[in-house]
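The residues of the chain are indexed from 1 along the displayed sequence.
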Amino acid sequence: MKKLTIILLSCTFLLSGCWDTREFKEVKLGITAAYDLTEDGVYTNTILIPNVQNSAQGPGQESTQFLTATGNTSSEARTNIDRRLSSTYSPSQLDVVLFGDKLARQDIYPYIDAYYRDPRMHLDVVPVVVKGNAQEALKVVPKSEMRPSEYIEGIIESEVDTTNTLETSLQAIGSELYEEGEDFALPLLQVGDAGQTVSYEGLALFHGSSYTGKDIPFDHTTLFLLMKKIKGKMARMTVKIHEGESPEPDNYTTINIEDFSSKITSKPDQQHKVRTDITVDLTVMIQEYPQDHLSLSKLTEVKKNLEQALTDQAKETIAIIQKANSDVFGIGRSIYGHHSGYWKKLDWEKDFKEIKIVPHINVDIRSRGIFR
């Protein structure tokens, strides 16, 4: 009898529903959402909801529904969207959230606060900044895409794999939103080709929870990510290492990053308040070097020119970051953790722009192709 009672109690616990359980038939899942501000400063929420029609002949066909509503908060806008749906709209299954740059410059936190408070929300959603109105990017549906709802997500995943953007989410930026001493960057998109495509443009730099309006351009993002100790499945850069050669391609080389290491060290420096050294060691394979016709007899010169060109690029990136007052290397957090007494003397809001950040880029050319 005792054994039977235990079995019955166990079944009761296993079969009992969670407090927040909702049937799928009660909910319409939004896969992508866009947040914008109108010219009058009114918050606008646009959602993309994929609908799959079942087919006895084979795979179902997907159609896409777009709905836009305004509101004083994101929750109110969702409520206004619900008024036009046969069932409740749930942002709990969003994959990507797009922020128009006007809204992002003001502050994104009021629009993501619910994600950190509501246990039904998942924090894997990827936040992205869009130049102009985010809803315009949401509505781009190229004919070549089998599943329109995965178009933007696919762009981001591709750029992560090729070390052009970082893998991020609302969970990943949570600590930077709440703690002093480190900022973050988000993927930056732009609508092009007369509204027919969306392109990845670089990384949007944030200070606190606001977009600074300054970006790391696309051709600088790979080295920046390597400096931050981030590498995707592959990393490739095209670098200008000569001037005045003809034809123009002879001035460039394309390299694949085979291996790398990065070290960031920060310490108090009375002259500059803080000095940070970023040392990056790259092992590369030369993929293209048109000028040398495959013999690469000037290997030493190419190595030297590569190191100089990449160091100059790193300095340009650092200048953009400091002008934006965006501590994306987490230098402040490092100083706070290792030199807490010195940190108290700093006014990081002002001092970050003035500290000395020095890049050191070292290149080892391991391979130069199938011809020797």
Side-chain angles (χ1 to χ4, degrees), residues 35-37 41 43 74 97-113 115-116 123 125-132 134 165-190 200-218 220-221 223-225 227-230 264 266 272-276 278 314-337 339 342-359:
Y35 297 160
D36 287 299
L37 285 180
Y43 166 73
S74 56
V97 173
L98 307 176
F99 298 100
D101 62 356
K102 183 178 179 180
L103 180 145
R105 286 171 192 257
Q106 188 179 84
D107 193 351
I108 66 169
Y109 187 79
Y111 310 101
I112 60 175
D113 176 73
Y115 290 88
Y116 296 106
L123 295 176
V125 58
V126 178
V128 176
V129 176
V130 178
K131 289 185 177 181
T165 193
L166 69 173
E167 191 170 5
T168 189
S169 65
L170 290 182
Q171 182 171 358
I173 68 171
S175 59
E176 284 82 359
L177 285 169
Y178 287 101
E179 296 181 21
E180 188 180 12
E182 185 168 6
D183 293 306
F184 60 91
L186 296 180
L188 179 68
L189 301 180
Q190 184 173 20
Y200 173 69
E201 296 297 311
L203 289 166
L205 294 168
F206 277 70
H207 179 62
S209 54
S210 298
Y211 171 42
T212 64
K214 294 180 172 53
D215 319 306
I216 299 175
F218 174 78
H220 284 42
T221 54
L223 182 58
F224 165 72
L225 292 171
M227 292 164 73
K228 276 181 64 70
K229 309 176 186 179
I230 298 171
I264 302 176
S266 301
H272 298 95
K273 295 188 177 180
V274 171
R275 176 188 169 101
T276 296
I278 305 176
K315 289 179 179 178
E316 291 173 6
T317 300
I318 289 168
I320 294 170
I321 288 167
Q322 289 192 273
K323 189 174 182 180
N325 203 22
S326 179
D327 186 3
V328 285
F329 289 118
I331 296 169
R333 187 172 294 181
S334 176
I335 294 296
Y336 175 78
H339 308 277
Y342 188 80
W343 170 258
K344 294 177 182 178
K345 301 176 184 178
L346 298 171
D347 182 354
W348 204 238
E349 283 289 320
K350 297 178 180 178
D351 292 339
F352 175 71
K353 291 184 176 182
E354 307 299 326
I355 69 172
K356 190 171 185 178
I357 306 176
V358 184

Colleague: Within a strict 4.5 Å, meaning less than it, do heavy atoms of the I108 and V129 side chains meet?
Modeller: no

Colleague: Say whether, by atom type as modelled, one donor and one acceptor occur between the side chain of S326 and the main chain of I321 under 3.5 angstrom.
Modeller: no

Colleague: Check whether Y342 reaches the backbone of K344 with its side chain - one donor and one acceptor, N or O, closer than 3.5 Å.
Modeller: no

Colleague: Is Q190 reaching over with its side chain to a backbone N or O of G132, donor-acceptor style, under 3.5 angstrom?
Modeller: no

Colleague: Check the pair R333 / E179 against salt bridge (charged side-chain N to carboxylate O under 4.0 Å, His left out), numbers first and verdict last.
Modeller: CA-CA 9 Å; R333 187 172 294 181; E179 296 181 21; 3.5 Å; yes

Colleague: Are F99 and Y111 an aromatic pair, judged by ring center distance below 6.0 Å?
Modeller: no

Colleague: To the nearest 0.5 angstrom, please state how far the CG atom of D107 sits from the OH atom of Y211.
Modeller: 15.0 Å

Colleague: Can a donor-acceptor pair be found, under 3.5 Å and without considering hydrogens, that links the side chain of H220 to the backbone of T317?
Modeller: no

Colleague: Atom CG in D327, atom CG in L205: separation rounded to 0.5 Å?
Modeller: 11.0 Å

Colleague: Between the side chain of N325 and the main-chain N/O of F352, is any donor-acceptor distance below 3.5 Å?
Modeller: no

Colleague: With distance as the sole test, does S210 use its side chain to make a donor-acceptor pair with the main-chain N or O of Q106 at under 3.5 Å?
Modeller: yes

Colleague: Measure up the Y116 and Y109 rings against each other and bin them: parallel (under 30°), tilted (30 to 60°), perpendicular (over 60°).
Modeller: parallel

Colleague: Do F329 and T276 come close enough that some side-chain heavy atom pair is under 4.5 Å?
Modeller: no

Colleague: Students often mix this up, so state it plainly: with edges at 30° and 60°, are the rings of W343 and Y336 parallel, tilted or perpendicular?
Modeller: perpendicular

Colleague: Heavy atoms, side chains only, cut-off 4.5 Å: are Q322 and I355 in contact?
Modeller: yes

